[in-house]
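Step one of this worksheet: look at the structure below.
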Amino acid sequence: MRIRIKELLKNPDLGKEFEISGWVRTKRGNKNIAFIALNDGSTIHNIQVVLNMADFEEEIIRKVTTGSCIKVEGVLAASPGKEQPVELHGSRLHVYGTADPDHYPLQKKGHSLEFLREIAHLRPRTNTFGAVLRIRHAMSFAIHKYFNDRGFYYLHTPIITASDCEGAGEMFRVTTLDLKNPPLLEDGSVDFGEDFFGRETSLTVSGQLEGELAALALSNIYTFGPTFRAENSNTPRHLAEFWMIEPEMAFYDIHDNMDLAEDFLGYLIRYAMEHCSDDLKFLNNMYDRDLMGRLEFTLNNKYERITYSRAVEVLIQSGEKFEYPVSWGVDLQTEHERYLVERHYRKPVMVTDYPKDIKAFYMKQNDDGKTVRGLDVLFPKIGEIIGGSQREEDYHKLRRRIQELSLPEKDLWWYLETRRFGTAPHSGFGLGFERLLLFVTGLGNIRDVIPFPRFPKNANF
Ligand code: 4AD
Ligand code: MG
């Protein structure tokens, strides 16, 4: 029976026979002996396989090259080398798949992340992406565990929708109409009544609106699924398809919301440090010597809580020359967010009470008539990692806001009805899963923390 390399290395049972399978990272040696570094993805660590050339056909050993896939049976032994404590002395060898050295692209170590993006079908076989994918898994699992342990229900919200939650108009259309010859209305516009759903539909930008419906019945829910934004942002922090975690809680005000956000982020970072330490150590040494320090930094400091107005004051008084100048009413840019976190407060920052004109229609309106109870959580290196708010639960105020913004009220009738029937104060937020992974892995580009990134002019693989 095959054993995963992680298990084999965890409790090495010297002198016993094992069967392992995996992909060859390197092979070296001489005419008497071959040393193979084998990896099966269960851990960042390879196992060294030692083959006595006299025991094998030369032909089969020649097929074992970087990238090939093999099965080895042999005895586990203490290794005389300093690099590894144990090694497997192979007695049987099977080659599942060869990898022609003239064509296999991952021959040497140290390929650039940009190059690896072009071979996203093979990059899971590198140490870096193995680490990223294992951490991605661990964080997904931790998210479900966190909420399940606290009585939140996992809600599946639709991917295809007719509503634009964030109201930013950055949606990908979903249609089965013939683009060359669409049915037209009398005024020449496309007749979406003829389309598959009988109306205009798009990919969702957020599961929040449907999440609210369930929270106003189950009290505490969360979503965790893909979301889509057709914003033409070619930045290291934006994807066109990304995953978002959106908890939504009845009877939570903005302060409860902040407490949850801080506790949740702390839990996830602690979970990564406890369960992914080998992978984190590798990333720390390869890419970002400050990674561990930065993770600790967020755990050891209580987040600063300030209003948007205070943030603007701090930024103006800083005397700093920002690329985008700051004044009350403008949206904060990453450079501003990072200044607040990294230079001014030196801890994660939660900003609330944003001008209503730069935030979405659903946020609870403050009595000043100018601001809404929005919440952004700002992290070092990342800037905004969470966006959320207390929601407007007052039917009349919400309806007025929808009208002010000229949003299609008739399409939001179901959302408004929750405020007519048994409305309740409630709050929630969205954590960008890849922003979290950027932070936890210390990598610099969001395209490197998702298996197959989608961004402007790229939908390969
Ligand atoms: O701030 P956003 O737009 O908020 C919402 O979508 C709310 N409906 C959430 C809620 O209250 N339930 O997005 C939330 C988070 C951001 O803070 C960011 O981490 C991430 O989603 N995000 C993106 N991540 C990658 N690529 C993009 N294009 C992103 N846009 C937002
Ligand atoms: Mg936001």
Side-chain angles (χ1 to χ4, degrees), residues 139 143 147 152 155 157 161 163-172 203-215 220-249 252 254 256-258 260-261 264-265 268 308 331-334 336-337 341 348-352 354-355 358-364 372-379 381-392 415 426-440 443 445-450 453-456 458:
M139 290 291 88
I143 286 160
F147 286 122
F152 284 61
L155 178 77
T157 50
T161 176
S163 45
D164 180 1
C165 173
E166 296 305 301
E170 293 164 336
M171 302 184 84
F172 291 100
L203 296 178
T204 190
V205 297
S206 158
Q208 178 195 324
L209 300 187
E210 292 90 352
E212 284 185 54
L213 311 182
N220 292 354
I221 64 92
Y222 68 104
T223 74
F224 185 4
T227 50
F228 308 86
R229 301 210 178 168
E231 48 188 339
N232 204 1
S233 298
N234 251 313
T235 84
R237 271 176 285 278
H238 288 88
L239 289 165
E241 176 178 301
F242 64 99
W243 287 63
M244 187 155 47
I245 301 99
E246 296 186 273
E248 190 73 32
M249 297 74 62
Y252 271 49
I254 189 78
D256 303 322
N257 207 18
M258 285 192 275
L260 182 71
F264 179 44
L265 286 168
L268 296 178
Y308 167 90
D331 208 356
L332 299 183
Q333 303 292 326
T334 305
H336 308 133
E337 298 171 338
V341 172
V349 176
M350 301 206 264
V351 182
T352 55
Y354 281 82
I358 58 170
K359 290 290 181 188
F361 74 97
Y362 51 70
M363 295 195 183
K364 185 173 174 64
V372 289
R373 218 155 281 175
L375 160 67
D376 278 7
V377 181
L378 314 181
F379 255 39
K381 230 181 132 180
I382 307 294
E384 178 189 341
I385 194 164
I386 278 180
S389 71
Q390 185 168 344
R391 319 305 189 191
E392 183 54 77
Y415 187 72
H426 62 291
S427 298
F429 60 78
L431 168 64
F433 188 47
E434 287 76 19
R435 298 257 176 111
L436 171 75
L437 287 170
L438 259 189
F439 183 71
V440 170
L443 292 179
N445 194 313
I446 200 162
R447 296 170 188 183
D448 298 329
V449 297
I450 188 166
R454 268 79 183 99
F455 51 89
N458 178 76

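Below, all heavy atoms of this structure are taken into account, side chains as well, without hydrogens, waters or symmetry copies. For the single chain, residues carry numbers from 1 onward in sequence order. All ligand and atom numbering here is 1-based and tracks the order in the structure.
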Review point. Within less than 4.0 angstrom of ligand 1, does Phe439 place any heavy atom?
Key: no

Practice item. Using modelled atom types only, decide if a donor and an acceptor are shared between the side chain of His238 and the backbone of Thr235 within a distance under 3.5 Å. Key: no

Exercise for review: For ligand 1, note which part of His238 has a heavy atom under 4.0 Å away: side chain, backbone, both or neither.
Suggested key: both

Point to revise | Residue and atom name of the nearest protein heavy atom (relative to atom 5 (C) of ligand 1), distance in Å to one decimal | key: Glu166 OE2, 3.3 Å

Review point. Which bit of Ile446 is near ligand 1, meaning a heavy atom under 4.0 Å away: side chain, backbone, both or neither?
Key: side chain

Point to revise | Donor-acceptor pair, side chain of Arg391 and main chain of Lys364, under 3.5 angstrom | key: no

Check your understanding: Can a non-hydrogen atom of Arg237 be found less than 4.0 Å from any atom of ligand 1?
Key -> yes

Point to revise | For Glu231, the ligand 1 atoms whose distance to one of its heavy atoms is below 4.0 Å | key: 27 (C), 28 (N), 30 (N)

**Study point:** Residue part near ligand 1, for Asp376, under 4.0 Å between non-hydrogen atoms
**Key:** neither

**Study point:** Glu246, any N or O under 3.5 Å of ligand 1 N or O
**Key:** yes

Check your understanding: Between the side chain of Glu246 and the main-chain N/O of Gly207, is any donor-acceptor distance below 3.5 Å?
Key -> yes

Review point. With atoms numbered from 1 as shown, which atoms in ligand 1 lie under 4.0 angstrom from a non-hydrogen atom of Leu239?
Key: 25 (C), 26 (N), 27 (C), 28 (N)

Point to revise | Heavy atom of the protein closest to atom 18 (C) of ligand 1 (residue, atom name, distance) | key: Arg435 NH1, 3.5 Å

Practice item. Could you walk me through whether Arg373 and Glu392 pass the salt bridge (charged side-chain N to carboxylate O under 4.0 Å, His left out) test, one step at a time? Key: CA-CA 9 Å; Arg373 218 155 281 175; Glu392 183 54 77; over 6 Å; no

**Study point:** Sub-6.0 Å ring centroid separation between Tyr222 and Phe152
**Key:** no

Review point. How does Tyr362 reach ligand 1, if at all, at less than 4.0 Å between non-hydrogen atoms: by side chain, backbone, both, or neither?
Key: side chain

Check your understanding: Below 4.0 angstrom, N of the basic side chain to O of the carboxylate: do Glu241 and Arg229 qualify?
Key -> no

Check your understanding: So does Glu166 have any N/O/S atom less than 2.8 Å away from the Mg ion (ligand 2)?
Key -> no

Practice item. Give the C-alpha distance, both sets of side-chain angles, the deciding distance and a yes or no for side chain to side chain contact (heavy atoms under 4.5 Å, CB included) between Leu209 and Cys165. Key: CA-CA 7 Å; Leu209 300 187; Cys165 173; 3.8 Å; yes

Exercise for review: Using only heavy-atom distances, determine whether the side chains of Glu212 and Tyr415 contain a donor-acceptor pair under 3.5 Å.
Suggested key: yes

Review point. Can you find a side-chain donor-acceptor pair between Tyr362 and Gln208 that sits under 3.5 Å?
Key: yes

Exercise for review: Name the closest protein heavy atom to atom 1 (O) of ligand 1, giving the residue it belongs to and the distance to 0.1 Å.
Suggested key: Glu384 OE2, 3.0 Å

Practice item. Return a yes/no value for Gln208: is any of its N or O atoms, backbone included, closer than 3.5 angstrom to an N or O of ligand 1? Key: yes

Check your understanding: Is there at least one pair of N or O atoms, one from Val205 and one from ligand 1, spaced under 3.5 Å apart?
Key -> no

Review point. Looking at ligand 1, does Arg391 have a heavy atom less than 4.0 Å from it?
Key: yes

Revision key, fill the gap. Paired with Phe433, the ring-ring contact (aromatic ring centres under 6.0 Å, His included) test is passed by just one of Phe224, Phe242, Trp243, namely Phe224

Review point. Looking at atom 19 (O) of ligand 1, what's its closest protein heavy atom, distance included?
Key: Ile385 O, 2.8 Å

Exercise for review: Report the nearest protein non-hydrogen atom to atom 14 (C) of ligand 1: residue, atom name, distance rounded to 0.1 Å.
Suggested key: Met244 SD, 3.4 Å

Review point. Among protein heavy atoms, which sits nearest to atom 20 (C) of ligand 1, and what does the distance come to when rounded to 0.1 Å?
Key: Gly432 CA, 3.6 Å

Exercise for review: Return yes or no for this condition: an N or O of Cys165 is under 3.5 Å from an N or O of ligand 1.
Suggested key: no

Check your understanding: Heavy atom of Glu434 under 4.0 Å from ligand 1?
Key -> no

**Study point:** Where ligand 1 meets Ile386 - atom numbers and elements under 4.0 angstrom, heavy-atom basis
**Key:** 17 (O)

**Study point:** Check: Ile254 main-chain N/O paired with Gln390 side-chain donor or acceptor under 3.5 Å
**Key:** yes

Exercise for review: Indicate, as side chain, backbone, both or neither, the part of Phe242 found under 4.0 angstrom from ligand 1 when only non-hydrogen atoms are considered.
Suggested key: side chain

Check your understanding: Can any side-chain N or O of Ser427 pair as donor or acceptor with the backbone N or O of Tyr252 at less than 3.5 Å?
Key -> yes

**Study point:** Main-chain N/O of Met171 paired to Asp164 side chain as donor or acceptor, under 3.5 Å
**Key:** no

Review point. Any donor and acceptor pair, going by atom type alone, linking the side chain of Asp331 with main-chain N or O of Ile358 inside 3.5 Å?
Key: no

Review point. Any idea which N/O/S atom from Glu384 gets closest to the Mg ion (ligand 2)?
Key: OE2

Practice item. Can you pull out the closest protein heavy atom to atom 15 (C) of ligand 1? Residue, atom name and distance to 0.1 Å, please. Key: Gly430 O, 3.5 Å

Point to revise | Residue, atom name and distance, where the atom is the protein heavy atom closest to atom 6 (O) of ligand 1 | key: Arg229 NH2, 2.8 Å

Review point. What heavy-atom pair brings Gly388 and Asp376 nearest, and what distance separates the two atoms?
Key: N-OD1, 4.4 Å

Exercise for review: Taking the side chain as every heavy atom from C-beta outward, state whether Thr223 and Ile245 have any pair of such atoms under 4.5 Å apart.
Suggested key: no

Exercise for review: May I ask you to list the atoms of ligand 1 that are less than 4.0 angstrom from any heavy atom of Gly388?
Suggested key: 11 (O)

Review point. Does at least one non-hydrogen atom of Leu436 fall below 4.0 angstrom from an atom of ligand 1?
Key: no

